[in-house]
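Working notes, structure below.
No hydrogens, no waters, no symmetry mates; every other heavy atom, side chains included, goes into these values. For ligands, and for the atoms within them, numbers begin at 1 and follow the listed sequence.
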Amino acid sequence: MQIITTKQELQSIVKACKTQQKTIGLVPTMGALHEGHASLVRRAVAENNVCFVSVFVNPTQFNNKEDLAKYPRNIVRDAELLETIGADFVFAPTPEEMYSEEEMNTTFEFDFAGLDQVMEGKMRPGHFNGVVQVVSRLFYLVQPDKAYFGEKDFQQLAIIHHMVERSSLAGTFGDLKIIGCPIVREASGLALSSRNERLSEAEKQTALGISKTLFESLKWAKEDGATVAKVQQRVIDTINAIEGLEVEYYEIVDQTTLLPTDTFDHAIGCVTVYCGPVRLIDNIKYNG
Ligand code: PAF
């Protein structure tokens, strides 16, 4: 496995892969890798001739400086894990290598067709502008055939699909296929997240209330007289009743449009909860 830190080196390696007609899989990450990332990398390794993993804590997608400063970083451990699971190349640039000063300080403009106006986008203004900025740059540099993203960040996945299929950028990435991969959970149900590293053991136990409530809500949705509005409120009330947890939002939306829905068909419930100072997200699909 080779670690690359410059765009120039990356592009010459990509060029060589293309000349040899090798298919390329890309897994974009911000490091602090866990089994969720590992599952994406294993799939990318299995489905492509060459697997690139980017490890880059993208400053432009953080609207909160403290969150950026506290984001866990451990490139040595990340590289060890990636080596064991068979990644071929790790791209780990500095922010200065990725962006000019102007790019770092101006919001990347993009037509989200409204997908950024809800949930994470509403709570973290500018977050998805930074995500699209970095992901489109990675696609441009690596020219992958397939790129892998976790479904835990469901809104991010929907926006990346939109970017590749329907936006003004569609067509710029060739036949690129976006592969969404299922959430990986601890045996306890807790969705794996790099942010879990910031939870104490006690907070981890408390955080279990999130996934437990989401799974319970699948049953509530089947009860006589159940409506989306009632289930949504019950989830919020149940999680808020757990000491140490505070719901920022829980929204049951259509899986494609991310707009509020009044049917459980093709619906997904997306939650953000503060567990102490740590902001955790999770989701559950109700039907299909
Ligand atoms: O999901 C993430 O880790 C990040 O948002 C991504 C896609 C790597 C872009 O920085």
Side-chain angles (χ1 to χ4, degrees), residues 4 7 10 25-41 43-44 51-64 67-75 77-78 81-82 87 89-99 103-104 107-108 110 112 115-116 119-121 123-142 144 146-164 167 169 173 176-184 191-198 270 272 278-283:
I4 310 158
K7 289 185 285 195
L10 174 66
L26 169 67
V27 184
T29 81
M30 296 208 298
L33 303 179
H34 50 68
E35 188 49 39
H37 299 108
S39 71
L40 306 181
V41 176
R43 191 158 167 197
C51 170
F52 286 75
V53 179
S54 60
V55 175
F56 178 60
V57 181
N58 174 33
T60 67
Q61 71 186 73
F62 284 81
N63 55 333
N64 178 331
D67 196 22
L68 171 62
K70 287 198 171 148
Y71 200 84
R73 295 161 167 90
N74 196 334
I75 185 67
R77 207 181 64 195
D78 289 346
L81 173 71
L82 292 172
F89 298 101
V90 177
F91 179 49
T94 59
E96 294 71 28
E97 176 66 20
M98 258 326 237
Y99 300 125
E103 285 171 331
M104 194 96 91
T107 303
F108 183 83
F110 180 71
F112 291 91
L115 292 171
D116 64 329
M119 303 190 291
E120 285 301 283
M123 297 300 163
R124 303 175 69 189
H127 166 66
F128 287 120
N129 300 71
V131 170
V132 169
Q133 178 181 33
V134 73
V135 172
S136 60
R137 178 139 313 168
L138 289 167
F139 287 173
Y140 171 76
L141 293 169
V142 180
K146 290 181 181 160
Y148 299 79
F149 296 87
E151 285 193 344
K152 186 164 79 66
D153 296 293
F154 194 84
Q155 188 171 6
Q156 168 173 283
L157 180 60
I159 285 174
I160 289 165
H161 272 297
H162 164 72
M163 174 181 123
V164 172
S167 76
L169 288 176
F173 309 117
L176 168 61
K177 286 197 176 44
I178 301 299
I179 318 279
C181 303
I183 298 180
V184 178
L192 295 192
S193 162
S194 304
R195 290 170 200 266
N196 293 356
E197 284 188 23
R198 292 177 53 204
C270 299
T272 293
V278 186
R279 191 172 182 275
L280 300 172
I281 69 173
D282 201 346
N283 62 62

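Atoms of ligand 1 found under 4.0 Å from any heavy atom of Pro28 (numbered from 1 in listed order, with element): 8 (C). Set against the non-hydrogen atoms of Gln156, the atoms of ligand 1 under 4.0 Å away are 1 (O), 2 (C), 4 (C), 5 (O), 7 (C). Ligand-side atoms of ligand 1 in range of Thr29: 8 (C), range being under 4.0 angstrom from any heavy atom. Listed by number with element, the atoms of ligand 1 under 4.0 angstrom from any heavy atom of Gln61 are 4 (C), 5 (O), 9 (C), 10 (O). Under a 4.0 Å criterion applied to the non-hydrogen atoms of Val134, ligand 1 contributes the atoms 9 (C), 10 (O).
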Show your working on side-chain contact (heavy atoms from CB on, under 4.5 Å) between Val134 and Tyr99 and close with a plain yes or no. CA-CA 9 Å; Val134 73; Tyr99 300 125; 3.3 Å; yes
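The backbone N or O of Ala32 sits less than 3.5 Å from a side-chain atom of Asp78, completing a donor-acceptor pair.
Not one N or O of Asn58 is nearer than 3.5 Å to an N or O of ligand 1, by distance alone.
Taken to the nearest 0.5 Å, the CD atom of Glu151 stands 7.5 Å off from the CG atom of Asn283.
In this structure, the side chain to side chain donor-acceptor pair (under 3.5 Å) partners of Arg77, at least two apart in sequence or on a different chain, are Glu197.
Here the options are Ile179, Leu26, Ile178, the test is side chain to side chain contact (heavy atoms under 4.5 Å, CB included), and the partner is Tyr148; only Ile179 passes.
Scanning the protein for heavy atoms near atom 3 (O) of ligand 1, the closest one is Met30 CG, 3.6 Å.
The six-membered or imidazole ring of His162 lies near that of Phe110, with a centre-to-centre distance under 6.0 Å.
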